[in-house]
Structures are given as C-alpha cells and as structure tokens.
Protein chains: 2
Amino acid sequence: MVMLSAPAVPEVPQHVSKAKATSIDIAHLAGVSQATVSRALRGSPLVSEETRERIRAAAEQLNYKVDKNASNLRLQHSGTLALLLFEDPTTDGSNINPFFHSLLGSITRACAQQGYDLLISFQQFSTDWHADYADSKKADGIILLGYGDYHAYRARLEKLVAIGTRFVRWGAVQPDQPGVSVGCDKFSGGQAVARHFIEQGCRRIAFLGDASSHYPEFFERYRGYADALAQAGLPADEALQVDAESTQLSGHRAMTGLIARGAAFDAVFAASDLIAIGAMRALAEHGYKVPADVPVAGFDDIPMASFASPPLTTVLQDTRRAGEVLVDSLLKMIRGEPAQSVMLPVKLMVRQSSVRP
Amino acid sequence: MVMLSAPAVPEVPQHVSKAKATSIDIAHLAGVSQATVSRALRGSPLVSEETRERIRAAAEQLNYKVDKNASNLRLQHSGTLALLLFEDPTTDGSNINPFFHSLLGSITRACAQQGYDLLISFQQFSTDWHADYADSKKADGIILLGYGDYHAYRARLEKLVAIGTRFVRWGAVQPDQPGVSVGCDKFSGGQAVARHFIEQGCRRIAFLGDASSHYPEFFERYRGYADALAQAGLPADEALQVDAESTQLSGHRAMTGLIARGAAFDAVFAASDLIAIGAMRALAEHGYKVPADVPVAGFDDIPMASFASPPLTTVLQDTRRAGEVLVDSLLKMIRGEPAQSVMLPVKLMVRQSSVRP
DNA sequence: CGTCCGGCTGAATACGTATGCATGGGCATC
DNA sequence: GATGCCCATGCATACGTATTCAGCCGGACG
C-alpha cells in the first residue's frame with residue numbers, strides 16, 4: 001500500500017522535470033528550428049541524417065513525445081478508430097456477449113497491425129451515439145457492433161451516411177442497407193445445422209430464437225433452417241419456434257416453455273450458443289438426455305461451447321477474419337477507396353451434443 | 001452488397017454538405033462571436049439563455065460537433081484513459097484471458113460512467129509501450145493489465161513514475177512497488193481453497209501453477225495455500241507443486257506430468273480456472289472421477305467455470321468492483337488527489353468439482 | 001568570376017477551440 | 001445628470017504541430 005512517490009532520476013535534466021517538453025524545447029536543445037524537429041521526427045527526407053540523429057537524441061533526453069492533439073489538429077485525422085458496442089438492455093446485466101468478446105479481440109489486433117488506436121465504448125440504446133467520436137474527430141471512423149432491431153436505428157445510419165461519417169457495421173448483409181456491412185453467412189449456417197439433424201432422421205426440429213425479420217441476426221439463421229426443411233420436404237411447424245434473445249436465461253425459459261406446452265420435437269436448434277446452453281440445462285432439469293433423447297445445436301462457437309456438457313455442436317463464425325475485414329473495409333473508406341459489404345463463410349462444428357449414439 | 005452512397009438529405013442545408021462546420025460557422029449563423037459559441041456550448045453562465053438557445057439551434061442545424069483535438073489541445077487534457085493489456089506471448093495464441101475480458105467490461109462501464117473514453121491496446125511485451133498514450137497526451141492516464149513477471153518491467157514502471165505519468169496497475173499489491181496497484185487478496189483466496197480441501201480430509205493437495213516469487217499473480221495464491229497447510233500442521237510436499245501458466249493446455253500438461261510421475265495426491269488446486277479445466281480433462285483421460293476420486297478447484301471464476309463438467313469450485317474476484325476501483329484511483333491521481341493501492345476481498349465459490357459425494 | 005542549382009534549414013502561418021481582458025449598454029444610486 | 005456597476009459579448013491570443021515559402025550555402029558549370 002505505497003503512496004505514489006517521485007524518486008530522483010539522474011538521467012533526466014531537471015529543467016524538464018515538470019512541464020512536458022515541446023518540439024520547441026527540442027529545437028532549442030538540438031540547435032535547430034522547430035520546423036526541422038517536426039520534419040526530422042516524421043522522417044522527412046528533407047533533413048540530413050546527421051541533424052536527424054542529433055534531434056532524436058535530444059528528444060530522447062527530454063522524454064519528448066509528439067503531442068497527438070496538436071498533431072491531429074494539424075493533420076486533420078486522429079489515427080484512431082472507434083468501436084461502438086450496442087448492448088441489448090434486456091440482457092441479464094452480467095457480461096458482454098461472449099461472441100462480441102471474441103470479435104473485439106480480433107478487431108483490436110487488426111487495428112494494432114494497421115497502426116491505428118482503438119477507442120471503445122459500450123452504448124446504451126438510448127444515447128445520442130451518432131453525435132460522438134467521428135464527428136468530433138476523436139476517431140477517423142467507427143465500427144458498429146450489436147444485435148438488435150436494426151430498423152430502429154436505420155434512420156441514424158442514414159444520417160451518418162449523409163453527414164459523410166465513415167463507418168462499418170457488423171451484422172446481416174442486406175441489399176438495401178445504408179453503409180457497409182460485414183457479416184457471416186448465417187443463412188448457410190442455419191441450413192447446415194438443419195441438414196445435420198435431418199441426416200440423422202430428425203423430423204421435428206425446434207428453433208429457439210426470434211424468427212422475425214426485425215431481428216436480422218436470428219432471422220437469417222431461421223431462414224436457412226426453414227429452407228433446409230423445405231428442401232427435405234419437411235413441414236415448418238410454427239409451434240416449434242419459440243422467441244428467445246441471446247442469453248442463457250432466455251434460452252432456459254424458451255425451452256421450458258416448449259416442454260410445458262407439450263410440443264413434440266426431436267431436435268433443438270438454438271439461434272445462439274447461450275440460448276443452447278440455457279436450453280440444455282432446461283432439458284436436463286426435465287429429464288431429457290442430450291443427445292440421446294434430444295440432439296441440440298447452437299450458433300457462434302463461443303469458447304464456452306466446447307466446455308458445455310455435452311460439448312455443444314455449433315456454427316463457427318470466423319471472428320479473426322471478421323475483425324480484419326471490418327477494419328480493412330473501414331480503412332479503405334477512410335482512404336477514400338470504394339468498400340463493399342462482405343459476407344464471410346461459416347463452418348459447422350459437430351460435437352457430442354448433436355450426435356445420437 | 002451495397003456500395004456506400006450519399007442520398008440527398010433535405011434537412012441539412014447544402015452549404016455544409018462537405019466541409020465540417022467549425023465554431024466560427026456557428027457564430028456566423030447565430031450572429032455572435034466565436035467566443036460566445038464556445039462559451040454557450042460549454043455551459044458557461046456568462047452567456048444568456050436566449051443566446052445559448054439560438055447557438056444550440058445553429059449548431060444542430062449544421063451538425064456541428066466540437067473538435068476534440070482542438071479542444072483537448074487547448075484544455076491540455078483528453079478525457080480519455082488508455083488500457084494496456086499485456087498478453088503473455090506464450091499463450092496458445094487464441095483468445096484473451098477470459099478473466100481480463102470480465103475486467104475489461106467493468107472498466108469500460110466505469111469509464112463511461114465517469115464520462116471518460118477508453119482507448120485499448122494489446123501490447124506485446126517487446127514494444128516500447130511506455131512511450132505512448134499518456135506521454136503523447138492521447139490519454140490522461142493509463143491502466144496496466146497483465147500477468148507476467150513484473151520484475152521484468154519494473155524499471156519501466158519506475159520511469160513512468162519519474163516522468164510523472166499517471167497510471168494504475170492491476171496485480172499483486174506489494175509494498176515496494178512503484179505507483180499504485182489494485183489487486184485481489186489472492187493470499188486469502190489460496191488459504192480458503194486449501195482449507196476447504198483440508199476440512200474434507202484431504203492431506204495431499206497438489207498445486208498447479210508457477211510458485212516462484214517472480215510471478216506474483218500465482219505466488220500469492222501459492223503462499224495462501226502453503227500457509228493453510230502449515231496452520232493445519234500438514235507438510236508442504238514440493239513434489240505436489242507443478243509449474244503451469246494460465247492456459248488449458250498448460251494445465252493439461254501439468255496434470256498429466258503429475259500423474260505420470262506417480263505422485264500421490266488427494267486434491268488438486270489449480271492456480272487459475274483455465275489450468276483447472278485443462279487438469280480436469282487430463283484427470284478424466286486417466287480415469288479419475290472428479291470430485292469422487294479427486295476434488296478440484298480453480299481460481300478466478302471465469303464464466304466457463306460454472307459450465308465445466310462438473311461445475312468448477314473456484315475463487316471469485318469481484319471484477320465489477322475492481323474495474324470501478326481502478327478507474328476511480330486513476331481519476332484521483334489525474335485530479336492530483338492522493339491515491340493508494342487497494343486490495344479487494346475475494347470469495348470462495350463452492351461448486352461440485354470440489355465436494356466429495 | 002558570375003550564375004544557377006540542389007540540398008537544408010528557418011520564419012511564418014494555419015489547424016479550431018477556450019479564456020483573460022476590454023468594451024458597451026442598461027440600470028440604479030447619489 | 002454624472003458616476004458606478006453588472007451583465008453579456010467581442011477581441012486577441014495561446015495551445016503544439018506540420019507545412020509552405022523563402023533563404024542560405026557550397027559546388028558545378030559556363
């Protein structure tokens with residue numbers, strides 16, 4: 001429990017002790033003008049190697065670092081991207097959606113690799129988010145992450161486009177959307193899961209998750225599921241679809257509800273891994289064995305999925321790639337190059353939860 | 001797959017279409033001086049309500065936002081904190097340590113609550129991190145997160161203190177440390193786990209994790225464990241301690257090694273949940289039942305812990321509180337108030353993995 | 001020997017905001 | 001009616017950097 005103290009530091013001359021050094025101080029020390037200091041440190045070919053070295057030494061001696069605020073002001077860009085994470089306010093309050101965590105990691109890495117800083121912010125739906133960051137020049141562009149009803153903030157996206165704000169969005173890629181989106185091919189993912197069940201002879205596959213077009217994240221998964229059923233000549237029984245949002249609690253509720261109302265089902269496809277895990281718990285509580293009685297699959301392949309019991313079959317979204325693509329697209333837009341929406345492939349990860357012994 | 005397009009926007013006058021508006025534009029439009037615009041928007045009592053309202057309307061009309069770079073330059077602070085996450089380069093390359101994820105979430109929230117932005121950056125150990133952020137005024141202070149050998153960068157911390165950089169560190173609170181640290185009371189946590197085992201009659205409790213004082217994160221846990229053994233009059237058998245870093249793979253290896261060398265143990269205390277999960281897998285592979293044959297406990301209470309099979313007994317670090325304390329301490333330092341290192345209490349979470357039937 | 005050119009450097013300015021100081025107008029006081 | 005005061009606003013400047021333009025020096029060439 002030590003208090004902060006400031007021991008003497010021999011190598012730093014005392015005339016810099018408190019006030020941070022500026023380029024003018026460096027210029028003075030190196031016997032050149034401020035202009036030359038700026039040029040030297042930015043690597044301009046106009047300055048001779050000898051002078052540059054002298055300046056570099058002086059800068060080091062005074063612990064000088066370029067003031068980003070001044071630099072950004074002058075250059076009119078910030079070398080920073082902003083990540084806005086929209087959290088569904090109906091969440092159980094605990095943690096961030098694990099899938100976003102994974103995406104966050106890869107975005108951070110991608111930014112670092114491109115030499116950009118990353119500003120992150122968790123937004124409540126209500127706040128006036130479009131106001132910030134990019135418009136105030138804290139960031140050169142923004143990345144929008146978040147489930148939810150995108151119709152609700154579609155107007156805002158359109159305004160962003162109109163103002164000329166650079167942004168990319170993670171989520172469903174749809175033809176009429178404002179701006180650039182990057183998403184995974186959840187339709188194919190939904191198909192793959194349904195086919196996987198159908199191949200095992202399942203005919204009454206329950207779907208846990210909102211299936212309304214207002215929630216494109218889940219809707220695409222549902223459409224893929226429905227499409228696979230149709231292709232196999234199976235009916236899509238509405239009684240087998242239960243709304244749920246992406247939490248364990250919600251998954252547990254949905255599954256319990258389905259069981260309670262006596263629905264006949266022989267497989268469960270949850271629209272997200274969290275829902276699946278909640279559902280598996282509910283199934284266990286009601287005496288169902290997974291996968292012997294009911295095979296189950298989820299979606300996202302969050303780290304928890306492989307540690308669920310039994311390990312959960314799910315659909316892997318390549319978050320590493322996703323982060324890179326998001327950042328690359330945004331940087332393209334910032335550089336004024338054209339950027340297009342991108343749909344990434346997904347991969348079915350078959351584990352024990354979906355394979356009947 | 002839509003290209004970015006810029007539809008006409010009726011409500012925005014065309015003379016602002018491209019160039020962002022400045023406070024001078026607003027001043028012009030509202031018929032006042034730039035100074036008054038600045039005062040009005042910052043809520044200065046010097047400007048009359050009537051004028052303020054007129055200015056606010058003009059600002060809205062032109063989509064004006066204060067340029068943070070210019071503002072920060074003038075004010076000499078940034079309203080931003082930087083979070084530096086040090087990753088052990090020996091990690092299995094996949095994801096961020098889940099415990100940090102949780103901390104990250106709470107730090108973000110705490111920042112938002114205090115009106116600060118958060119800049120995050122994953123650092124490789126090699127990079128010249130002390131150079132950035134705070135010194136370049138991109139951030140008013142920095143938060144350091146990361147396991148690892150803190151002796152290795154102790155010199156850097158001392159330099160930070162000397163330069164006058166504001167920072168807080170998450171990690172072991174030790175009397176001789178430079179700067180302010182916030183950490184959990186891992187010593188007590190280690191004690192609690194060991195006592196929990198001892199109460200059940202275990203006498204040969206293995207410890208998986210580095211027990212060297214060079215890794216204070218784990219060392220404290222080990223000390224607590226050793227202390228509880230001593231208090232119970234049990235010998236501390238060095239053969240029961242195996243080095244491991246905080247990954248599943250490493251935990252698996254350590255456990256396998258312990259079994260291979262024929263060590264006699266009747267409980268396993270893993271220094272982190274990831275290690276514990278890897279160890280449980282190894283135990284299962286060798287035919288041990290958890291907890292019937294060998295009770296197991298971990299540390300951290302990452303989300304995965306309660307979904308392991310069986311659910312893992314572990315030690316909860318209150319990350320929510322930790323994030324708040326980190327941010328609060330840092331803000332205190334920024335405001336020039338004294339700040340002290342803080343040690344937070346922990347809580348033993350008993351689940352199935354450690355309780356013999 | 002004069003001229004010109006190329007290679008470096010310095011002086012001056014702009015980026016957009018916030019604030020100390022000065023100012024003007026209105027009102028009360030004597 | 002002159003003085004004083006307060007309130008609201010404008011003027012001018014500083015924050016620290018990056019860049020344009022102008023200048024200087026030395027050498028090559030005519």
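In the text below, chain A, chain B and the rest are named by the order of the sequence lines, each starting its count at 1. Side chains are part of it too, since the values below use all heavy atoms of this structure and drop only hydrogens, waters and symmetry mates.
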Task: NZ (B/Lys68) with more than 12 external heavy atoms under 6.0 Å - done: no
TODO: Indicate, with a heavy-atom threshold strictly under 4.0 Å, whether B/Leu73 touches base, sugar-phosphate, or nothing.
DONE: base
Task: For atom CD of A/Glu49 and atom P of C/dC8, their distance in whole Å - done: 10 Å
Open item on the list: Measure CD/B/Gln76 against P/C/dA18 and give the value in whole Å, please.
Closed with: 13 Å
TODO: Would you kindly give the NE2-to-P distance between A/His77 and C/dC15, to the nearest whole Å?
DONE: 16 Å
Task: B/Arg166 versus B/Asp140, closest heavy-atom pair with distance - done: CG-O, 3.5 Å
Open item on the list: Expressed as a whole number of angstroms, how long is the span from B/Lys65:NZ to C/dT17:C1'?
Closed with: 16 Å
- [ ] Could you pull out the closest heavy-atom pair between B/Gly183 and B/Trp170, with the gap in Å?
- [x] CA-CZ3, 3.8 Å
TODO: Grab the two heavy atoms, one from A/Arg52 and one from A/Val47, that are nearest each other, plus how far apart they are.
DONE: NH2-O, 3.3 Å
TODO: Enter the distance from B/Tyr64:OH to B/Ile55:CD1 here, rounded to the nearest 0.5 Å.
DONE: 10.5 Å
TODO: Answer yes or no: does a side-chain N or O of B/Ser71 lie under 4.0 Å from OP1 or OP2 of C/dG16?
DONE: no
- [ ] Look at A/Thr51 and C/dC8 and indicate whether a side-chain polar atom (N or O) is within less than 4.0 Å of OP1 or OP2.
- [x] no
Open item on the list: For B/Asn69 and A/Leu46, find the nucleotide of DNA chain C closest to each by heavy atoms; which residue's nucleotide sits nearer the 5' end?
Closed with: A/Leu46
Open item on the list: Need one value for B/Val37: base, sugar-phosphate or nothing, where a base atom within 4.0 Å counts as base even if backbone is also close, heavy atoms only.
Closed with: nothing
TODO: Could you tell me whether A/Ser48 contacts a base, only the sugar-phosphate backbone, or nothing, with contacts defined as non-hydrogen atoms closer than 4.0 Å?
DONE: sugar-phosphate
Task: Distance-only donor-acceptor test (3.5 Å): side chain B/Arg74, base D/dT17 - done: no
Open item on the list: Please confirm whether the shortest side-chain N or O distance from A/Arg42 to OP1 or OP2 of D/dT19 is below 4.0 Å.
Closed with: yes
Task: 5′-ward residue of the pair B/Lys137/B/Val32 relative to DNA chain D - done: B/Val32
Task: B/Gln34 vs D/dA12: side-chain N/O to OP1/OP2 distance below 4.0 Å - done: no
Task: Nucleotide C/dT17, atom P - distance to CG of A/Asn72 in whole Å - done: 15 Å
Open item on the list: Tell me whether the side-chain N/O atoms of A/Thr36 come closer than 4.0 Å to OP1 or OP2 in C/dC8.
Closed with: no
Open item on the list: Could you tell me how far apart B/Asp135 (CG) and D/dG16 (C1') are, to the nearest whole angstrom?
Closed with: 16 Å
Open item on the list: In whole Å, I'd like the distance from the CG atom of B/Leu75 to the C1' atom of C/dG16.
Closed with: 12 Å
Task: Separation of atom CZ in A/Arg39 from atom P in D/dC21, rounded to whole Å - done: 13 Å
Open item on the list: Under 4.0 Å from OP1 or OP2 of D/dG16: is there any side-chain N or O of A/Ser23 that close?
Closed with: no
